[in-house]
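Quick note: numbers below take in every heavy atom, side chains included, and nothing from hydrogens, waters or symmetry partners.
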Amino acid sequence: MPIAVPTTAFVRSDDPKGTKFDAISDAVDDINVAKLKAMAADNAYDESVFDSDKDKATFRQFVDSNESSRRFYIEQHTKQTVEFNLEARRKVFEKARASMSVWEAMELLNTLVDASDPDTSATQIQHLLQTAEAMRKDGKPEWMQVTGLVHDLGKLLYFFGSDGQWDVVGDTFVVGCEFPTEKIVYSDTFGENPDLNHPVYSTKYGMYKPGCGLENVLISWGHDEYLYLICKQQSTLPKAALHMIRYHSFYPWHRERAYTYLENEDDKQALKDVLAFNPYDLYSKSDSLPDPVALRPYYEGLIAKFFPEKVNW
């Protein structure tokens, strides 16, 4: 039975302040400012308004000479294999880690602070609140505001036995089939991945069937997949929210349109969901810093509508 554990219990000896993690997390974000187009249906899918006067060219851009980001992706692209992904999913809920409320989890994640971040002085909790507040400002529904609030909580993996950063953050991709390298950042860094020359995994469809649906594929393990599994099992968030959480780092698919041959009809809605979400994640980081103390009562009220008092992480 998971027990409540103080956040000070989760301190990595190799990174006591969390700055290594956050620096890497920020570095891999450099490639993720997309030319996003939200799609209209109901107000969850209305085009974002909060960012209409922002010069998106000033946000983080991919720079090929970014050695920190490149080193990260060399490791990620080498180690994210079918074997690793199956084992990660087997082990993730194998033993009790902690039982915490969503807000307590946010406070734990907030111990990961990078003072050298050139783009924002926001802490982790402030970024989550910026995302949610931008949605609130645009009149998005409560379930979407909560999704914005929790979307990065899967980064708690860093405290729960991750091997580093490569199995927590970064763009995600499908394992178990051919890597569509022209659609993936640093496409030249897959050379040492054992699956690259596997007789099955190296083929276009690999271990999947055409049109099987993204719900049925293994997406590289990290904070998105981890939080998706938690929310699927322990929250009442709608399917659209689960799509936003699982696919928000899946840039080869939702921006570059790789893996269309694996899609089914449900994935058309999933794409619509994640494209509605991403502007709030990417472009809210330049907004004024929110006050967690002042906003806590409002968001704890929303959290209670979709999550139990304690979540098993």
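In this structure, R257 contributes its side chain and P252 its backbone to no donor-acceptor pair below 3.5 Å.
Partners of R296 by salt bridge (Lys or Arg N to Asp or Glu O under 4.0 Å), not counting sequence neighbours, listed by chain and number: E107, E300. Scanning for salt bridge (Lys or Arg N to Asp or Glu O under 4.0 Å) contacts around D152 gives K155, with sequence neighbours left out. Scored by the salt bridge (Lys or Arg N to Asp or Glu O under 4.0 Å) test, E309 finds no partners at all (sequence neighbours excluded). Remark: E182 pairs with no residue by the side chain to side chain donor-acceptor pair (under 3.5 Å) rule, at least two apart or across chains. For K305, the salt bridge (Lys or Arg N to Asp or Glu O under 4.0 Å) test picks out E142, with sequence neighbours left out.
Enclosure of atom CD in E83 is not indicated, since only 12 or fewer non-hydrogen atoms of other residues, nucleotides or ligands lie within 6.0 angstrom.
The only member of F179, Y247, F250, W253 that meets ring pair (Phe, Tyr, Trp, His ring centres under 6.0 Å) when paired with Y259 is F250. For the side chain to side chain contact (heavy atoms under 4.5 Å, CB included) test with F84, the passing option among T81, L86, V82 is T81; the others fail.
Taking the six-membered ring wherever Trp is involved, the centroid distance between the rings of H243 and F277 does not fall below 6.0 Å. Between H77 and F173, the ring centre distance stays below 6.0 Å. Checked against the 6.0 Å centroid threshold, H223 and H151 do not count as a close aromatic pair.
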Stepwise salt bridge (charged side-chain N to carboxylate O under 4.0 Å, His left out) test for K79 and E75: CA-CA 6 Å; K79 295 181 178 179; E75 185 172 23; 2.8 Å; yes

Begin with the C-alpha distance, continue with both residues' side-chain angles, and end with the deciding distance and a verdict on salt bridge (charged side-chain N to carboxylate O under 4.0 Å, His left out) for E67 and R70. CA-CA 5 Å; E67 287 303 318; R70 183 175 179 81; 5.1 Å; no

With side-chain contact (heavy atoms from CB on, under 4.5 Å) as the criterion, how do L229 and R246 come out once you've worked through the C-alpha distance, each side chain's angles and the decisive distance to 0.1 Å? CA-CA 9 Å; L229 292 174; R246 189 183 189 213; over 6 Å; no

Could you please spell out the steps behind the side-chain contact (heavy atoms from CB on, under 4.5 Å) verdict for V311 and V102? CA-CA 7 Å; V311 175; V102 168; 4.2 Å; yes

Could you go step by step and tell me if R90 and E87 meet the salt bridge (charged side-chain N to carboxylate O under 4.0 Å, His left out) rule? CA-CA 5 Å; R90 184 188 69 79; E87 182 68 4; 2.5 Å; yes

Take V150 and L128 through the side-chain contact (heavy atoms from CB on, under 4.5 Å) test and state the conclusion after the steps. CA-CA 7 Å; V150 304; L128 295 177; over 6 Å; no

So R89 and L218, side-chain contact (heavy atoms from CB on, under 4.5 Å) or not? Walk me through it. CA-CA 10 Å; R89 286 162 175 79; L218 288 178; 3.4 Å; yes

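A heavy-atom distance below 4.5 Å is found between the side chains of Y280 and K140. At a threshold of 4.5 Å between non-hydrogen side-chain atoms, the residues W143 and V146 do not count as touching. In this structure, the side chains of E263 and T260 come closer than 4.5 Å at one or more pairs of heavy atoms. Two residues are said to be in side-chain contact when any heavy atoms from C-beta on lie closer than 4.5 Å; I245 and D224 fail this criterion.
Checked for salt-bridge contact, E133 and R136 meet the test: a charged N lies under 4.0 Å from a carboxylate O.
Residues F159 and L109 share a closest heavy-atom pair of CE1-CA, 4.5 Å. Here the closest non-hydrogen pair linking W103 and P292 is CZ2-O, 3.8 Å. The shortest heavy-atom contact between S235 and F307 is CB-CE2, 3.6 Å.
Taking hydrophobic clusters as Ile, Leu, Val, Met, Phe, Trp and Tyr residues chained together by side-chain heavy-atom distances below 4.5 Å, V168 does not share a cluster with I74.
Screening residues 190-219 for side chain to side chain donor-acceptor pair (under 3.5 Å), with sequence neighbours left out, gives no hits.
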